[in-house]
Amino acid sequence: MQQKYVPRDIEREAQQYWDAAGAFRARETPGQPKYYCLSMFPYPSGKLHMGHVRNYTIGDVLTRYHRMKGRNVLQPMGWDAFGLPAENAAMANGVPPAKWTHENIAYMKRQLQSLGFAIDWSRELATCQPDYYRWNQWLFLRMLEKGLVYKKTGIVNWDPVDKTVLANEQVIDGRGWRTGAVVEKREIPMYYMAITRYAEALLAALESLSGWPERVKTMQANWIGKSYGVRFAFPYELDGKKEKLWVFTTRADTIMGVTFAALAAEHPLAARAARDNSKLAAFIEECKRGSVMEADLATIEKKGMPTGLSITHPLTGQPVPVWVGNYVLMAYGEGAVMGVPGHDQRDFEFATQYGIPIRSVIKPRDKDLELPLKQAYVEYGVCVNSGKYNGLDYQQAVDAIAADLKAKGLGEKQVLWRLRDWGISRQRYWGCPIPIIHCDGCGDVPVPDHDLPVVLPEDCVPDGTGNPLAKRTDFVNTTCPKCGKPARRETDTMDTFVDSSWYYLRFACPDSARSMVDERVAYWLPVDQYIGGIEHAILHLLYSRFWTKVMRDLELVDIDEPFANLLTQGMVLNEIYFRRADGGRTTYFNPAEVDVKLDDAGNRSALVKADGAPVEFGGIGTMSKSKNNGVDPQELIDHYGADIARFFMMFTSPPEDTLVWSDAGVEGAARFLRRLWTYAVRFERGGGPAIAAQPSKAARFEIHSVLKQANYDIGKHQFNTVASAAMKILNALDRLLGVSDEIAKEGLSILLRLLAPIAPHIAHHLGRELKFGEDVRAAPWPEHDPAALIEDEIELVVQVNGKKRGDVRVPRGADSKAIETIVLADPAVQKHVSGQAIKKVVVVPG
RNA sequence: GCCGGGAUGGCGGAAUUGGUAGACGCACGGGACUCAAAAUCCCGCGGUGGCAACACCAUGAGAGUUCGAUUCUCUCUCCCGGCACCA
């Protein structure tokens with residue numbers, strides 16, 4: 001055995017061994033419990049970042065652990081290969097996105113392999129492959145047949161930098177999620193998936209997801225946004241026609257307090273009123289411009305303008321003035337609201353500003369409101385000043401009012417959802433073509449199944465001026481499948497979230513040529529453990545749940561939910577160092593370029609290595625280019641090897657917490673594995689000098705106690721303490737070596753198996769060198785020996801008046817009476833009870 | 001504002017689900033080895049007082065339940081994440 005631990009050598013050797021053995025090939029084995037462990041597949045951006053390494057290490061630990069526990073494990077890997085960065089890179093370098101993507105995939109695959117992940121590469125897929133995305137197109141057509149896909153012209157979010165449409169989910173605070181550019185509104189014809197038809201199902205099923213983090217479920221529930229209320233109409237006459245203005249409210253009990261109605265600037269009635277009112281038209285234009293800035297919307301002043309129109313209160317018959325208000329959203333509800341200043345704070349502010357009457361129609365059950373109101377009273381209460389509804393509570397009033405409105409044909413109870421249908425058309429080249437042909441005679445014609453896939457030409461180089469597909473006449477020009485006359489292909493491609501909405505199903509049967517999925521899905525799905533970043537809590541996870549339900553209803557799969565358990569790993573952070581020049585420009589220094597000194601009290605002083613001058617500490621933040629605080633995983637792997645990188649990742653923080661990068665921490669992980677190696681060398685030579693020999697019983701007790709705890713921890717996915725258990729066992733062995741080869745061997749064997757999921761290469765290598773077995777990967781997971789935990793004597797801690805006053809050793813199985821006698825004889829205890837009567841004695845058994 | 005999650009040494013974090021708070025590691029201090037350094041090994045390391053034995057204080061703050069609370073209950077403060085003029 002080598003004297004020195006050289007990770008590079010043993011890691012290459014172990015990887016070759018696994019490779020030759022086909023060790024990670026997953027086969028459907030009916031009868032054997034399966035474990036499908038999936039990490040969110042990466043976008044092939046160029047090279048792995050630290051977040052990937054963490055994500056995939058967590059997945060690999062679980063994969064290897066469950067393999068050792070006897071499960072039939074599948075851990076696949078693929079590539080989320082369509083997307084904008086490929087086009088941006090193409091514009092910068094003149095390389096076709098396809099070439100760029102494939103090169104990145106090749107490089108990143110080598111990186112993943114060098115980390116020793118137990119991935120079944122025979123199932124590898126990339127979403128840019130025609131035999132993958134043809135099924136996007138196929139399911140799109142099925143959904144089209146079912147009316148789950150439809151075409152609609154609507155107001156969409158337009159990202160002026162990427163020149164593309166964004167889904168609502170891709171707009172964050174009024175800005176594009178990728179570019180950060182302020183989003184504009186445009187009208188564009190596009191295809192939608194009717195996810196709202198599944199709103200109820202998606203919301204209801206959240207309850208069944210007991211293996212999901214609470215906060216992810218909450219985020220999804222908020223996003224779906226179910227509210228119960230009443231949709232009703234104000235009748236009015238305009239241009240000699242009887243019309244209705246519809247609104248939605250969750251507070252129908254306040255309807256008798258309506259003193260105005262307000263329209264969104266985009267509301268058709270607002271446009272009608274502005275026709276002969278130039279001041280109003282100007283105001284509407286101003287609102288439309290302003291309303292793009294959603295981030296500011298929350299803070300801007302309530303503004304409005306009367307339309308001059310009047311509508312009729314549906315219950316009282318009184319006239320109600322109609323305003324346009326900058327705080328009314330066209331996209332939610334009806335784009336118009338009833339104004340109840342007495343009981344809605346926004347309406348209150350609006351009414352106060354414009355001198356609109358404020359009516360109080362709700363009061364607390366046990367007292368009267370102080371009038372005039374200083375702010376809206378928004379709590380539930382009982383109706384007053386409300387005619388026949390006086391005295392009713394919230395629910396009674398809503399029921400009665402809804403019934404009366406229904407009787408008049410002017411409204412009824414309605415459930416309203418925040419969730420909107422999913423617009424999937426993208427005016428981009430590098431994505432899955434939408435399988436539609438536009439024919440002047442026949443309209444929009446679906447591509448027949450036998451013509452799928454519609455293959456994306458791979459040699460385009462986008463130049464930033466719109467979609468290059470539109471310029472490819474060989475792609476665009478085709479014939480109509482219906483009439484055979486010349487026709488044009490749709491050049492929009494699908495949102496890349498479509499690609500990732502079902503890849504986890506395809507991994508079960510990546511070679512299925514005749515169908516989207518086959519019977520192997522029934523064996524592997526649902527995914528037993530899904531692992532990925534919290535940033536996908538809404539978009540990707542909601543779309544995937546939606547697709548699963550659609551495919552279930554098309555009888556393609558028989559599961560309701562795709563992911564039984566979800567682990568959202570924390571982000572990887574690093575320190576930030578910077579200097580601010582006189583001009584105010586900030587220069588960031590990578591922490592690797594900075595010498596940091598900490599004194600006893602933890603005070604930090606930092607100098608740039610290059611010039612020896614001080615830098616400012618900017619706190620801890622996510623690794624990013626802009627803060628220049630990233631660490632390249634490749635450097636870590638090159639310098640320390642995969643095991644040390646993996647061990648550091650697992651040891652430093654629990655998987656769901658943020659992980660702060662630390663060079664010293666990596667060094668600590670390296671130190672441990674080197675110590676383990678050194679110990680193994682000594683063990684192989686036949687034990688070392690017997691130092692402070694403990695009885696073997698105590699040694700086994702120590703090892704098996706640690707093991708028991710480690711098993712409890714790994715069940716909670718608390719891998720940091722599992723790693724520390726490995727360290728504790730090594731510490732114990734180090735102290736005990738020479739006591740008995742039998743126990744040293746048992747301890748070392750446990751240690752290597754405990755370590756195998758985290759640092760598989762060294763565990764594999766040492767296991768073979770020490771002849772513990774052919775392959776630690778296939779060894780049984782260590783379980784503690786209960787017999788080892790039975791002691792002849794146990795230590796008891798003694799408290800007097802709630803304070804620890806000593807400890808005593810008593811024989812195992814001593815009864816309370818005997819224990820009491822021993823404890824009271826203890827001098828330390830005596831000191832604290834002397835001369836006083838003992839009121840109560842509590843003995844905790846064991 | 002609403003919803004969710006947090007707060008433990010100089011730092012990352014642990015505490016067998018109410019029973020010795022600070023495991024394991026990092027940093028730091030002291031020592032051994034060395035011509036020297038690195039590596040390695042040994043010792044110390046929450047705070048205050050004390051030569052020491054030991055005592056007191058201490059898990060964001062305050063109360064409560066309990067023989068006993070980091071853990072359970074209530075109130076509050078702060079931090080992180082999500083949602084939000086959502087009618």
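Numbers restart at 1 for each chain; the letters A, B, ... are given by sequence-line order, proteins then strands.
Between the side chain of A/Glu214 and the base of B/rG5, no donor-acceptor pair under 3.5 Å is found.
With sequence neighbours excluded, no residue forms a side chain to side chain donor-acceptor pair (under 3.5 Å) with A/Asp657. Residues passing the side chain to side chain contact (heavy atoms under 4.5 Å, CB included) test with A/Lys413, sequence neighbours excluded: A/Val230, A/Gln395, A/Val398, A/Asp399, A/Ala402. Legend: residues meeting ring pair (Phe, Tyr, Trp, His ring centres under 6.0 Å) with A/Tyr332, ordered by chain and number and at least two apart, are absent. By the side chain to side chain contact (heavy atoms under 4.5 Å, CB included) test, A/Ala669 is found to be paired with A/Ile644, A/Phe647, A/Phe648, residues two or more places apart in sequence or in another chain being considered. Partners of A/Phe283 by ring pair (Phe, Tyr, Trp, His ring centres under 6.0 Å), not counting sequence neighbours: none found. With sequence neighbours excluded, the residues forming a side chain to side chain donor-acceptor pair (under 3.5 Å) with A/Glu200 are A/Lys226, listed by chain and number. In terms of the ring pair (Phe, Tyr, Trp, His ring centres under 6.0 Å) criterion, residue partners of A/His540 (sequence neighbours excluded) are, by chain and number, A/Tyr530, A/His536.
Residue A/Leu733 holds its CG atom at 5.0 Å from CD1 of A/Ile703, rounded to the nearest 0.5 Å. In this structure, CD1 on A/Ile538 lies 4.5 Å from CE on A/Met219, to the nearest 0.5 angstrom.
Residue pairs meeting the salt bridge (Lys or Arg N to Asp or Glu O under 4.0 Å) criterion with at least one partner in residues 322-339 of chain A, sequence neighbours excluded, are A/Arg231-A/Glu334. Legend: side-chain hydrogen bond (donor to acceptor under 3.5 Å, both in side chains) pairs involving residues 566-576 of chain A, not counting sequence neighbours, sorted by first then second residue: A/Thr568-A/Glu656, A/Glu575-A/Tyr577, A/Glu575-A/Arg604.
Comparing B/rU20 with B/rU71, their P atoms sit 13 Å apart, to the nearest whole Å. Nucleotides B/rA63 and B/rC51, compared at atom P, are 34 Å apart to the nearest Å. Rounded to the nearest Å, the gap between the C1' atom of B/rA21 and that of B/rC76 is 25 Å. Spacing of P atoms, B/rC85 relative to B/rG62, comes out at 39 Å, to the nearest Å. Remark: the separation of the C1' atoms in B/rC79 and B/rG68 is 31 Å, to the nearest Å. Comparing the same atom, C1', in B/rC67 and in B/rG82 gives a spacing of 44 Å after rounding to whole Å. On the C1' atoms, B/rG22 is 14 Å away from B/rG10, given to the nearest whole Å. For B/rA7 and B/rG13, the C1' atoms lie 13 Å apart once the distance is rounded to whole Å.
Dashed line: the shortest gap from a side-chain N or O of A/Arg671 to OP1 or OP2 of B/rU40 is under 4.0 Å. The shortest distance between the side-chain N/O atoms of A/Arg418 and the OP1/OP2 oxygens of B/rA84 is below 4.0 Å. At the phosphate of B/rG25, OP1 or OP2 sits under 4.0 Å from a side-chain N or O atom of A/Asn731.
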Toss me the dot-bracket line for RNA chain B: Watson-Crick and G-U wobble, both under 3.5 Å, 5' to 3', using | for pairs to another strand and [ ] for crossers. (((((((..(((......[....))).(((((.......))))).((((....))))..(((((..]....))))))))))))....

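For A/Glu795, counting side-chain heavy atoms from C-beta on, the closest listed nucleotide (B/rC3, B/rU20, B/rC85) is B/rU20. With B/rG82, B/rC41, B/rA23 as the choices, the nucleotide that has an atom nearest any side-chain atom of A/Arg675 turns out to be B/rC41. Taking only side-chain atoms of A/Arg215, from C-beta outward, the nucleotide of B/rG19, B/rG4, B/rA87 with the closest atom is B/rG4. The side chain of A/Met219 lies closest to B/rG82, out of B/rA87, B/rC85, B/rG82.
Contact of the A/Phe232 side chain with the A/Ile255 side chain is registered, since non-hydrogen atoms from C-beta on lie closer than 4.5 Å. In this structure, A/Pro314 and A/Phe234 have side chains that are in contact, with non-hydrogen atoms separated by less than 4.5 Å.
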Nucleotide N/O of nucleotides 13-15 of chain B paired with protein N/O under 3.5 Å:
residue	atom	partner	partner atom	Å
B/rG13	O3'	A/Asn720	ND2	3.2
B/rA14	OP1	A/Asn720	ND2	3.4
B/rA15	OP1	A/Gln718	NE2	3.2

Each nucleotide N or O in nucleotides 52-60 of chain B that has a protein N or O under 3.5 Å away: list the pair and distance.
residue	atom	partner	partner atom	Å
B/rA55	OP1	A/His832	NE2	3.4
B/rC56	OP1	A/Arg805	NH2	3.2
B/rC56	OP2	A/Arg805	NH1	3.2
B/rC57	OP2	A/Lys803	NZ	3.3

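Counting non-hydrogen atoms under 4.0 angstrom, A/Ser662 reaches nothing in the nucleic acid. In this structure, A/Val328 reaches the bases: a heavy-atom distance under 4.0 Å links it to at least one base atom across the strands shown.
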